[in-house]
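The next block holds one structure in the form of C-alpha cells; read it before the comments.
Here the structure is a predicted model, which is why all the values come from computation and not from measurement.
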Amino acid sequence: MLKQYLQFKLSQKLSPQQIQLMKLIQLPTQAFEQRLKQELEENPALEGGKEKSENELDSEFDNADDFNDNETINADDINVDEYLSDDEIPDYRTQANNYSSDDDEKTMPYAAGTSFTQHLINQLNTYRLNDEEREIAEFLVGSVDESGYIRRELNDIMDDLAFTQNVYTSEEKIESVLKIVHQLDPAGVGARSLQECLSIQLHRRDKTQQSELAIDIIDNAFDQFTKKHYKKLIQKFDISEAQLKEAISEIEHLNPKPGGSYAGNNRIVEHVVPDFAIKIVEGELELTLNGRNAPELHVSREYNNMLKGYKDTKDKSKSQKDAVIFIKQKLDAAKWFIEAIKQRQQTLFVTMSAIMHYQKDYFLTGDERNLKPMILKDIADEISMDVSTVSRVANSKYVDTPYGTKLIKEFFSESMKNDQGEDVSTREIKKILETVIEEENKKKPLTDETLATILKEKGYPIARRTVAKYREQLDIPVARLRKKI
C-alpha cells in the first residue's frame, strides 16, 4: 500500500554573492590585491581610482522616465534610471578614513639571480659525461626539492626517465650518476635522507679524529644518535664522553637543508604584509587597516552613457537590446563588487577592533601572560557576526604590533582555572611551560611528570598528559631528546 507524506524541511542556502563575500573576507592583503586586479580586468564596468570630474551624473537623469517598449527584453524589465542615478557617483569609493593618505606602501625589490636548479646544472657542465649520463644527471637535479633533497625512489625516477625522456636505464646506472650529483655544491645536495645528507657533508670534510668518529656515528649508529642514547654510543665505539661531545659538535655544525643555503634559490620567500597595524598613542591603542585593503572604485561613466544612449533611441533593435542586457550584467557585477569591498573593510575593521579591545592588556604590554582566554564565539557575540566570519579573519590575517607582526589566530586560546578558581589562558600556561623548559638543566631535562608538578606549584593544576599535549603543540621534544652532554 502506497502512502504519501508531506514533509517540511527548513534549510538555509547561501547565495553565490554571499559565498563570494566570504571568500573576499578570507583573503589576506596580497591575495586581495590580486583578486581586485582580476576583477578590474574582467569587468569593464568597474573602474579604479578617482574620476576626472567630481560632478555627479545622477542629476542629469533624475526626471527621466523609464523607457517603455512593446517588446520585453526579459521577464524583468531593466530600469535604466536605476543605473544612471543610484550608482554613477564619480567618487563612489570604499576609502576608509582610518589610515593616513601619506602612508606609502613600500614594495620589496627582488634581486635577479640564477635559479638553484640552474646553479647545479652549471656545475654539471664541468663534468665529463656521456649523453645518457647527462640526461640522467639533469633529471636528478630537476628532482631536487627546495631543501636540497631527492625524495623519490630510484625505481620511480627510472620509470619517469623512460616515459618522459625516452631514456631507458637501470637503477644501478642512476645510482652511479647520483654519486656525481652528490659532488655538487652545496655539500649534501641530492641526498635521499637526512642521514645521507649529513654523511655526504662529513665525507667531504678534512679528515680528523673527531670527523672520523662523526662519520662512524652517522653511518653506523644514526638511530641511536637521533634518540640521544649517549651511553650506548660511548659503549659501542669505546670512547670517552669528551670525544663523543666533540663528534656531536662536528655533526651539529652541518647543514640539514643544503638547498636553503643557496641565495639564488628561485623559490621566492613570501613576505607577510600585515593587514592591520596597532600602535600605542599616548597610552591608548590605535588600530588602522592597511590602505591597500581600501581601494577607490566607481562604476564606469562610459557604461552609464551607453545606457543613456539606449534610452534616448526610439527604435530599439534586437542587437541593442542584447547589448543593454550585457551592460546590465556588468553594472550589476560592478555594483555588487563595490559593495562587497565596503562590507569586507567594515568586517575586517570591526572584528580586529573587538579583538584589540578584548586583549587590551596584552597589546599595551606585549606580555603573553596577559593574553585573556578568548575563543571565536567571544568575538562573534561581541560584534554580532557568525563564528565562521571571525574565523576567516583570524586564520588568514596578520597585525603589525609594537612587538612584531603576529598572526591574529595566535591571540585565541582556550581557558582553564588556576588554583584560585580564576580563568586563565592556555597560552599563559604554555608560555610558563616554555620558560621552565628553557631554564632546565639540559644534562637532566625535566620529565612531563616533573613539569606538571612545577606548574602545580606555580598555581596551574594540570595533568601530566596535558603537559605532554602543550609541549607537543610548542614543538618541544620529550626530555630524553632535549638531553645534552
Side-chain angles (χ1 to χ4, degrees), residues 145 147-154 171 175 178-179 181-183 186-261 430 433-455 462-485:
D145 68 13
S147 296
Y149 288 80
I150 294 176
R151 303 186 190 273
R152 303 183 62 210
E153 296 296 329
L154 292 187
E171 287 187 40
E175 184 90 52
L178 184 58
K179 285 183 170 57
V181 173
H182 287 167
Q183 296 173 35
V189 73
R192 289 160 290 178
S193 66
L194 176 60
Q195 182 180 10
E196 186 175 48
C197 179
L198 299 178
S199 179
I200 292 168
Q201 293 179 59
L202 286 168
H203 278 284
R204 288 177 60 174
R205 289 194 167 196
D206 293 334
K207 297 296 181 288
T208 62
Q209 191 174 356
Q210 67 185 37
S211 69
E212 292 282 4
L213 177 57
I215 290 170
D216 221 359
I217 290 172
I218 293 299
D219 288 351
N220 303 311
F222 187 71
D223 189 53
Q224 290 169 325
F225 167 73
T226 56
K227 292 178 179 177
K228 298 197 174 183
H229 290 156
Y230 296 138
K231 287 183 180 178
K232 291 183 180 179
L233 290 173
I234 289 171
Q235 291 172 357
K236 181 180 177 71
F237 297 106
D238 191 21
I239 53 175
S240 66
E241 188 175 296
Q243 288 174 307
L244 178 60
K245 196 170 184 178
E246 287 178 356
I248 289 174
S249 176
E250 182 92 3
I251 294 168
E252 286 177 342
H253 283 83
L254 302 176
N255 185 359
K257 291 185 178 181
S261 65
K430 287 178 185 177
L433 177 64
E434 198 173 22
T435 303
V436 170
I437 291 174
E438 282 176 1
E439 295 173 352
E440 71 184 356
N441 180 358
K442 295 303 178 186
K443 288 190 175 183
K444 292 182 180 179
L446 302 171
T447 63
D448 291 344
E449 192 72 47
T450 307
L451 289 168
T453 303
I454 293 171
L455 286 170
I462 61 176
R464 183 204 61 78
R465 64 179 180 275
T466 309
V467 169
K469 182 178 80 172
Y470 290 169
R471 177 178 52 70
E472 288 169 4
Q473 289 173 351
L474 290 166
D475 201 23
I476 297 173
V478 295
R480 179 170 49 78
L481 297 182
R482 301 199 303 273
K483 186 177 180 181
K484 291 185 178 180
I485 59 172

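Every side chain to side chain contact (heavy atoms under 4.5 Å, CB included) that Arg152 has, sequence neighbours left out, goes to Phe139, Ser143, Asp156, Ile157, Asp160. For Glu440, the side-chain hydrogen bond (donor to acceptor under 3.5 Å, both in side chains) partners are Lys442, Arg482, not counting sequence neighbours. The side chain to side chain contact (heavy atoms under 4.5 Å, CB included) search around Lys227 returns Asp223, His229, Arg480, not counting sequence neighbours. Residues passing the side-chain hydrogen bond (donor to acceptor under 3.5 Å, both in side chains) test with Ser249, sequence neighbours excluded: none. Remark: Thr208 pairs with Ser211 by the side-chain hydrogen bond (donor to acceptor under 3.5 Å, both in side chains) rule, at least two apart or across chains. In this structure, Thr226 has no side-chain hydrogen bond (donor to acceptor under 3.5 Å, both in side chains) partners at least two apart in sequence or on a different chain. With sequence neighbours left out, Ser193 forms a side chain to side chain contact (heavy atoms under 4.5 Å, CB included) with Gln195, Glu196. With sequence neighbours excluded, no residue forms a salt bridge (charged side-chain N to carboxylate O under 4.0 Å, His left out) with Glu439. With sequence neighbours excluded, the residues that form a salt bridge (charged side-chain N to carboxylate O under 4.0 Å, His left out) with Glu250 are Arg205.
What you find for His203 and Asp219 is that their closest heavy atoms are NE2-OD2, 3.2 Å. In terms of heavy-atom proximity, Ala191 sits nearest to Ile200 at CB-CD1, 4.1 Å. A pairwise comparison of heavy atoms in Cys197 and Pro258 identifies SG-CD, 3.7 Å as the closest pair.
In this structure, the side chain of Gln243 engages the main chain of Ser240 through a donor-acceptor pair within 3.5 Å. Panel note: side chain His182, backbone Gly188; no donor-acceptor pair is recorded below 3.5 Å. The backbone N or O of Arg151 sits nowhere less than 3.5 Å from a side-chain atom of Arg192 that would complete a donor-acceptor pair.
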Exercise. Tell me, with the steps shown, if Thr450 and Thr453 meet side chain to side chain donor-acceptor pair (under 3.5 Å).
Key: CA-CA 5 Å; Thr450 307; Thr453 303; 6.0 Å; no
Exercise. Evaluate the criterion side chain to side chain contact (heavy atoms under 4.5 Å, CB included) for residue pair Ile150 and Val189; output intermediate values, then yes/no.
Key: CA-CA 8 Å; Ile150 294 176; Val189 73; over 6 Å; no
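Proximity of Val436 to Leu446: side-chain heavy atoms (C-beta onward) are separated by under 4.5 Å at one or more points. Counting only heavy atoms from C-beta outward, the side chains of Arg471 and Val478 approach each other to under 4.5 Å. With contacts defined as side-chain heavy-atom distances shorter than 4.5 Å, the pair Ile251/Phe225 qualifies. With a 4.5 Å cut-off on side-chain heavy atoms, Lys228 and Tyr230 count as touching.
To the nearest 0.5 Å, atom CG of residue Leu433 and atom CD1 of residue Ile454 are 9.5 Å apart. Interatomic distance, Leu254 CG to Gln201 CD, rounded to the nearest 0.5 Å: 5.0 Å. In this structure, the separation between NZ on Lys430 and CG on Leu455 is 13.0 Å, given to the nearest 0.5 Å. In this structure, CG in Leu202 is found 5.5 Å from CD1 in Ile215, a value given to the nearest 0.5 Å. Here the straight-line distance linking atom CG of Leu244 with atom CD1 of Ile217 works out to 5.5 Å at 0.5 Å rounding.
Annotation: Gln473, atom CD; neighbour count of heavy atoms from other residues, nucleotides and ligands within 6.0 Å is above 12. In the displayed structure, Lys245 atom NZ is contacted under 6.0 Å by at most 12 heavy atoms of other residues, nucleotides or ligands. Within a 6.0 Å radius of CD in Gln183, other residues, nucleotides and ligands contribute more than 12 heavy atoms.
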Under 3.5 Å, sequence neighbours excluded: what are the donor-acceptor pairs made by side chains of residues 231-239?
none

Which donor-acceptor pairs under 3.5 Å do the side chains of residues 462-470 make with protein atoms, sequence neighbours left out?
none

